[in-house]
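Not measured: the values here are computed from a predicted model. Hydrogens, waters and symmetry mates play no part in the numbers below; they use all other heavy atoms, side chains included.
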Amino acid sequence: MLGYDGREVLAVFVGGALGTLARAAIETLVAPEAGHWPWPTFAVNIVGAFVLGYVATRLPDDSYRRPLLGTGFCGGLTTFSTMQVEILRMIEREHFALAAGYASASIVAGLAAAWVASEWARR
């Protein structure tokens with residue numbers, strides 16, 4: 001039988017619930033219009049990349065804060081699948097430049113956010 005730490009599982013669960021609630025609230029309050037830049041998804045993904053960059057660099061592996069914030073909160077907050085659906089909808093509506101810009105900006109900004117947070121955490 002595989003062993004697991006119940007407190008770590010609880011940390012992931014609580015973090016995931018909080019991240020998911022935060023994303024749902026943001027998506028509800030600032031719902032994007034079809035054919036426009038999906039700011040809520042873009043913002044939560046960039047913030048999640050930043051937090052994950054900091055958490056992965058700064059917090060020790062044996063801390064329950066790492067699974068709470070990294071795996072749980074960031075996993076619940078960010079949404080790669082929603083980003084993909086938004087890109088597909090842009091393509092279906094023939095907003096090709098918007099789709100390419102959104103995909104590119106999401107990747108570049110996410111990597112930049114994670115790098116900045118990681119560098120900040122090292123100082």
Checklist entry - Ala117 and Gly53: which non-hydrogen atoms are nearest, and at how many Å? => result CB-C, 4.0 Å

Checklist entry - Taking atom CZ of Arg58 and atom CZ of Arg123, what is their separation to the nearest 0.5 Å? => result 12.5 Å

Next on the checklist: Is there a side chain to side chain contact (heavy atoms under 4.5 Å, CB included) between Leu68 and Phe73? Walk through the geometry before answering.
Outcome noted: CA-CA 6 Å; Leu68 172 80; Phe73 183 77; 5.9 Å; no

Item to check | Minimum heavy-atom distance between Met90 and His36, given as atom pair plus value | outcome: CE-O, 4.2 Å

Item to check | Rounded distance (nearest 0.5 Å) linking atom CD1 of Ile26 with atom OG1 of Thr41 | outcome: 10.0 Å

Item to check | Cluster link Val9 to Leu69, ILVMFWY, side chain under 4.5 Å | outcome: no

Checklist entry - Taking all non-hydrogen atoms of both residues, which atom of Gly48 and which atom of Cys74 are closest, and how far apart? => result O-SG, 3.5 Å

Checklist outcome for this item: Rounded to the nearest 0.5 Å, the OG1 atom of Thr71 sits from the CZ atom of Arg66 at a distance of 8.5 Å

Item to check | Linked, directly or transitively: Ile46 and Phe80 (ILVMFWY side chains, under 4.5 Å) | outcome: yes

Item to check | Inter-residue atom distance Glu8.CD - Ser63.OG, 0.5 Å rounding | outcome: 10.0 Å

Checklist entry - Nearest heavy-atom pair of Ala49 and Gly110: which atoms, and what distance? => result CB-O, 3.4 Å

Item to check | Other residues, nucleotides, ligands: >12 heavy atoms within 6.0 Å of Tyr64 OH | outcome: yes

Item to check | Distance (rounded to the nearest 0.5 Å) between Phe13 CZ and Leu18 CG | outcome: 9.5 Å

Checklist entry - Hey, what do you get for CG (Leu59) to OH (Tyr54), rounding to the nearest 0.5 Å? => result 6.5 Å

Checklist outcome for this item: Closest heavy-atom pair, Leu77 versus Ala22, reported as atoms and distance to 0.1 Å, is CD1-CB, 4.1 Å

Checklist entry - After noting the C-alpha distance and the side-chain angles of Phe42 and Ser106, does the key distance pass the side chain to side chain contact (heavy atoms under 4.5 Å, CB included) rule? => result CA-CA 7 Å; Phe42 183 77; Ser106 294; 3.5 Å; yes

Checklist entry - Do Val55 and Leu10 sit in the same hydrophobic cluster, where Ile, Leu, Val, Met, Phe, Trp and Tyr count as joined when their side-chain heavy atoms come under 4.5 Å apart? => result yes

Checklist entry - Do Phe96 and Val85 share a hydrophobic cluster (ILVMFWY, side-chain heavy atoms under 4.5 Å, transitive)? => result no

Checklist entry - Do the rings of Trp39 and Trp37 sit parallel, tilted or perpendicular, given the 30° and 60° boundaries? => result tilted

Item to check | Side-chain ion pair, Glu86 and Arg89, N-O less than 4.0 Å | outcome: no

Item to check | Pro60 and Arg65, any side-chain heavy atoms less than 4.5 Å apart | outcome: yes

Item to check | Derivation and outcome, side chain to side chain contact (heavy atoms under 4.5 Å, CB included), residues Trp120 and Phe50 | outcome: CA-CA 10 Å; Trp120 180 49; Phe50 183 88; 3.9 Å; yes

Item to check | Contact check, side chains of Pro40 and Arg23, non-hydrogen atoms, under 4.5 Å | outcome: no

Item to check | Stepwise side chain to side chain contact (heavy atoms under 4.5 Å, CB included) test for Asn45 and Thr79 | outcome: CA-CA 7 Å; Asn45 285 341; Thr79 174; 4.2 Å; yes

Checklist entry - Is Val44 close to Thr78 at the side-chain level, that is, under 4.5 Å between some pair of heavy atoms? => result no

